[in-house]
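Position 1 is the first residue of the sequence, and the numbers go up from there. What you see is a predicted model, and the numbers here were worked out from it, not measured in a lab.
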Amino acid sequence: MAALIRLGMRINTQIAACSALPQSTFVPIHCVAARYSTGQHLSHAKGELREILSGPVHRTPAVTSQIWRPLHVTHMNQTTKDKLQPSEEEVSTFTKIIEAMGFTGPLKYNKWKIKIAALRMYTCCVERIDYDEFFEKCSLPDTLNSWFLVIQLHVWMCLVRMKQEGRAGKYMCRYIVHSMWEDVEQRGKVMGIDSVTLKNSMRSMTEIFYAAIFGYDEGIISDDRILAAALWRNLLNKQCDDPRKLELLVEYVRKQVQFLDTLDGEDLLLTGEVVWRPLVEKDAQSILKPSTPTYNDEGL
């Protein structure tokens with residue numbers, strides 16, 4: 001019994017002595033290791049660790065301040081804008097739920113106005129392009145397939161522009177593509193193509209379209225070589241040996257996408273009016289801001 005009492009008194013004495021130590025006596029070892037992360041300071045780090053483990057508990061203020069020196073932290077500059085971009089617009093929980101179910105939630109503008117604007121934009125792709133110039137400069141045959149290849153290139157450029165306008169722009173993209181397939185089917189029927197052949201052709205065109213979209217997307221965010229390869233595969237059907245034609249097409253796509261970026265997004269969502277620059281022009285580097293389209297309160 002007496003031995004237990006003496007043991008308890010000894011433990012209490014040690015606890016009291018430890019609690020009386022200053023706060024700077026505890027030196028975390030990982031701080032020293034963090035200061036010497038390269039191989040050339042490894043021996044120095046081991047020596048300092050050995051000193052901490054084998055040296056006295058109380059350390060001088062100079063050594064303590066050296067060990068606890070503040071680490072340098074580089075603060076990254078914010079490169080994004082404080083204002084949310086259209087593609088990052090905030091939506092309610094209800095909208096997220098109904099869109100996850102396959103429906104479209106409320107948009108910034110009336111959906112019927114966006115559908116009409118999408119039809120108009122596709123009409124601009126069809127009616128405001130000089131196909132004869134494309135067929136001549138690119139040595140393409142005057143066929144329905146060649147017409148479709150030229151149309152899909154311009155539809156893709158419209159999709160690239162409208163996807164920058166957030167949820168409303170993506171909704172508009174859906175109906176631009178829908179209008180394109182409706183037009184292709186009607187043109188096939190007018191040309192007298194039977195239903196079986198037309199169905200197979202539509203399936204083949206669908207595969208060509210989405211493959212071309214993937215290639216053009218990769219080319220527009222890469223250098224001119226990648227874009228030229230995409231145009232050679234999809235628009236020219238791998239049947240072009242003249243680099244000047246590829247140079248002309250790459251220049252056309254670059255200047256056209258740059259021109260579309262100058263158009264106001266709200267005007268595009270409400271009117272769908274697009275003006276295409278010519279395939280061949282003297283000063284291709286000049287970008288003139290187009291005049292603002294006019295529309296009434298109904299967006300028509």
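Applying the side-chain contact (heavy atoms from CB on, under 4.5 Å) rule to P243 yields no partners; only residues at least two apart in sequence or on another chain are considered. When the side-chain contact (heavy atoms from CB on, under 4.5 Å) test is applied to V257, the partners found at least two apart in sequence or on another chain are M157, I220, V253, D261. Considering only residues two or more places apart in sequence or on other chains, Y175 meets the ring-ring contact (aromatic ring centres under 6.0 Å, His included) condition with Y171. Judged as a side-chain contact (heavy atoms from CB on, under 4.5 Å), and not counting sequence neighbours, the contacts of R203 are K199, N200, E207.
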Please tabulate, one pair per line, all N/O donor-acceptor pairs under 3.5 Å involving side-chain atoms of residues 181-194, not counting sequence neighbours.
unit_1	atom_1	unit_2	atom_2	d
D183	OD1	R187	NE	3.1
D183	OD2	Y122	OH	2.6
D183	OD2	R187	NE	3.0
D194	OD1	T197	OG1	2.8
D194	OD2	V196	N	3.3
D194	OD2	T197	N	2.9
D194	OD2	T197	OG1	2.9

Identify every side-chain donor-acceptor pair in residues 230-239 under 3.5 Å, counting partners at least two apart or on other chains, and give the distances.
unit_1	atom_1	unit_2	atom_2	d
W232	NE1	C240	O	3.1
N234	ND2	A230	O	2.7

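Summarising the geometry of A117 relative to L269, their closest heavy-atom pair is CB-O, 3.2 Å, with the distance given to 0.1 Å. For the residue pair A212 and Q152, the shortest heavy atom distance occurs at CB-NE2, 3.5 Å. Nearest heavy-atom pair across D264 and R161 is C-NH2, 4.0 Å. Residues P278 and K255 come closest through the heavy atom pair O-NZ, 2.8 Å. Minimum heavy-atom separation, T271 to R120: O-CD, 3.1 Å. When every heavy atom of R254 is checked against every heavy atom of G219, the shortest pair comes out as NH2-O, 3.4 Å.
In the hydrophobic clustering of this structure, L263 groups with L153; members are Ile, Leu, Val, Met, Phe, Trp, Tyr whose side-chain heavy atoms approach within less than 4.5 Å, directly or through other members. Note: the hydrophobic cluster containing F214 does not contain L227 (ILVMFWY, side chain heavy atoms under 4.5 Å, direct or indirect links). Taking hydrophobic clusters as Ile, Leu, Val, Met, Phe, Trp and Tyr residues chained together by side-chain heavy-atom distances below 4.5 Å, L248 shares a cluster with Y131.
Contact of the M202 side chain with the L198 side chain is registered, since non-hydrogen atoms from C-beta on lie closer than 4.5 Å. Residues L268 and L260 are not in side-chain contact: their nearest non-hydrogen atoms beyond the backbone lie 4.5 Å or more apart. Counting heavy atoms from C-beta on, the side chains of W147 and L140 never come closer than 4.5 Å. Contact of the V155 side chain with the M121 side chain is not registered, since no non-hydrogen atoms from C-beta on lie closer than 4.5 Å.
With values rounded to the nearest 0.5 angstrom, L149 atom CG is found 9.5 Å from L144 atom CG. Interatomic distance, CG of N145 versus CE of M205, reported as 5.5 Å (0.5 Å rounding). Taking CE of M172 as the reference point, atom CG of L270 lies at 9.0 Å (rounded to 0.5 Å). Rounding to the nearest 0.5 Å places NZ of K137 at 11.5 Å from CG of L249. Atom-to-atom distance recorded for D217:CG and I221:CD1 is 7.0 Å, nearest 0.5 angstrom. The SG atom of C158 sits 9.0 Å away from atom CD of Q256, with the distance rounded to the nearest 0.5 Å.
A donor-acceptor pair under 3.5 Å links the side-chain atoms of T123 to the main chain of L119, judged by distance alone. In this structure, the side chain of D132 does not engage the main chain of F135 through any donor-acceptor pair within 3.5 Å.
The pair R128-E273 counts as a salt bridge, with a side-chain nitrogen and a carboxylate oxygen less than 4.0 angstrom apart.
The aromatic rings of F209 and F148 sit tilted relative to each other, their planes meeting at an angle between 30° and 60°.
W276 and D130 share no donor-acceptor pair across their side chains, judged by distance under 3.5 Å alone.
Shown here is D241, whose CG atom has no more than 12 heavy atoms of other residues, nucleotides or ligands within 6.0 Å.
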